[in-house]
Amino acid sequence: MKPVKLCYWIRYCMKQADRTREIDPFFERLIVWYYTLIKSRKMGVSQANKRKRKLVVSLTSMPSRMDKLWITIESLLRQTYKPDRIILWLSEDEFRNVKLSEKIKEQQSRGLQICYCDNLRSYKKFYYTAKRFPDDYIVTVDDDIIYAEDMLETMVRTYREHPGCIVCNRSHYVKRTRLGLAAYDQWLKYEDREQKGTEASHYNFFTGCGGNLFPMFKMDRKVLEKETFMELAPYADDVWLNFCAWISGIPVVNTEGILGHVIEIKSSSNEGLTRANVLYKRNDEQIKRVLEYLKIDINRYLK
């Protein structure tokens, strides 16, 4: 078993025994030690150029996370299934005076592409790649997660078993009432679900951190309405993308196994978006606005 995947298994077993322990920093240090000791100079992207539809990994970041960003990227460069591209989108305004670390520069020589763009907050990891590769597969990932070596391989295998679906490693389970959707904080979180779900369903509401695979060629073009999503759901790209998947007729399926129990990288900016979305109920406000704009009747999707 690959080292990072082994850490996933050990972490999962430890969490099952004691959910209160903060163990991710330990695994972060262990994996960084492994990456430093066992260096890789192999290309992290496919060079065969044989795929009819390309697989593009896309992410974004912010200056406060640049000191540890290389860890996430390293985990992507060491995947057993090589993507065709790995693109990091950075805001021109935020990074005008920020120097890239030597580790990031070295990773560019192994396949990492860095592109600069306007600041669309978390949408940067999806929007620009989707515009550039509308007929391919896009995998969005977060910049504060260490991904297991077989993450992409598992997602691709799951997609082949469920063609036409969005594949995720983590999803909440949508909860509804007689009056409509329940409040977001009442939905079943990934860790609390009895079945993580190998069944494709609109009840599966994918979240960003675990990684999501989108068949872009099946997505409704509304998903690229930049001015609309920045007005309706500026702090919740997951909300916009999930409901655009609904109107595209694309259900969501989880991968099997433990990839949804991610190893997070400790960062001072980890909790800001979660606090704004959940504690201050911003997700509920944004969900309501997006449902109204897309004219979604939840009874059509949640049966």
Inter-residue atom distance L259.CG - T154.OG1, 0.5 Å rounding:
5.0 Å
Measuring from atom NZ of K175 to atom CG of L188, what distance do you get when rounded to the nearest 0.5 angstrom?
6.5 Å
Face-on cation placement of R11 at F27 ring, 6.0 Å and 45° thresholds:
no
E231-Y293 side chain donor-acceptor pair, cut-off 3.5 Å
no
Side-chain touch Y35/V4, heavy atoms, less than 4.5 angstrom
yes
Hey, could you give me the SG/CG distance between C244 and D237, rounded to the nearest 0.5 Å?
11.5 Å
So how far is it from H261 NE2 to N169 CG, rounded to the nearest 0.5 Å?
10.5 Å
Any Lys/Arg nitrogen of K103 or E106 sitting under 4.0 Å from an Asp/Glu carboxylate oxygen of the other?
no
E199 vs V253, test: side chain to side chain contact (heavy atoms under 4.5 Å, CB included). Steps then yes/no.
CA-CA 6 Å; E199 180 180 336; V253 62; over 6 Å; no
Full working for salt bridge (charged side-chain N to carboxylate O under 4.0 Å, His left out) between R170 and E191:
CA-CA 9 Å; R170 285 178 63 91; E191 290 82 0; 2.8 Å; yes
What residue pairs, at least two apart or across chains, pass salt bridge (charged side-chain N to carboxylate O under 4.0 Å, His left out) with a residue in residues 79-99?
R51-D84, D93-R96
Report the C-alpha separation of F126 and L120 in whole Å, then their side-chain angles, then the decisive distance to 0.1 Å, and conclude whether the side chain to side chain contact (heavy atoms under 4.5 Å, CB included) test is met.
CA-CA 10 Å; F126 177 86; L120 300 182; over 6 Å; no
Should we count NZ of K131 as having more than 12 external heavy atoms under 6.0 Å?
no
Between F133 and F214, is the gap from one ring center to the other below 6.0 Å?
no
From OG1 (T60) to OH (Y128), nearest 0.5 Å:
9.5 Å
Heavy atoms of other groups near R41 CZ, more than 12 under 6.0 Å
no
Any idea which heavy atoms bring D136 and F217 closest together, and the distance?
O-CD2, 3.9 Å
Test item: side-chain donor near acceptor, D143 and T72, under 3.5 Å:
no
Sort out for me which residue in T158, V139, V156 forms a side-chain contact (heavy atoms from CB on, under 4.5 Å) with V167.
T158
As a quick check of understanding, evaluate side chain to side chain contact (heavy atoms under 4.5 Å, CB included) for K303 and H202, giving each step before the final call.
CA-CA 9 Å; K303 300 180 180 179; H202 292 296; over 6 Å; no
Minimal non-hydrogen separation, V223 against W240, with atom names
O-NE1, 3.1 Å
Taking the side chain as C-beta and beyond, is there a heavy-atom pair between S61 and L90 under 4.5 Å?
yes
Would you say the side-chain atoms of E153 and Q79 include a donor-acceptor pair closer than 3.5 Å?
no
For residues C168 and V252, report the shortest heavy-atom separation together with the two atoms involved.
SG-CG1, 3.7 Å
Among Y235, F229, W89, ring pair (Phe, Tyr, Trp, His ring centres under 6.0 Å) partner for Y123:
F229
Within the 4.5 Å heavy-atom criterion, are V45 and Q113 side-chain neighbours or not?
no
Would you call Y147 and D142 a side-chain contact if the rule is heavy atoms closer than 4.5 Å?
yes
Could you check whether any side-chain heavy atom of I263 comes within less than 4.5 Å of a side-chain heavy atom of C7, counting everything from C-beta outward?
yes
Return the set of residues passing side-chain hydrogen bond (donor to acceptor under 3.5 Å, both in side chains) with N299 (not counting sequence neighbours), or none when no residue passes.
R176, D297
Under 30°, 30 to 60°, or over 60°: which ring-plane class applies to Y137 and Y159, parallel, tilted or perpendicular?
perpendicular
Rounded distance (nearest 0.5 Å) linking atom OG1 of T36 with atom CZ of R29
13.5 Å
V262 and Y8: which non-hydrogen atoms are nearest, and at how many Å?
CA-OH, 3.7 Å
Minimum heavy-atom distance S58-I138, with the two atoms named
CB-CG2, 4.4 Å
Are R65 and D144 within salt-bridge range, i.e. N to O under 4.0 Å?
yes
Write down the atom of L232, the atom of P234, and the distance for their closest heavy-atom approach.
C-CD, 3.5 Å
Row check, Y34 ring normal vs R78 NZ/CZ: under 6.0 Å, within 45°:
yes
May I ask you to test the L77-K42 pair for a side-chain heavy-atom distance under 4.5 Å?
no
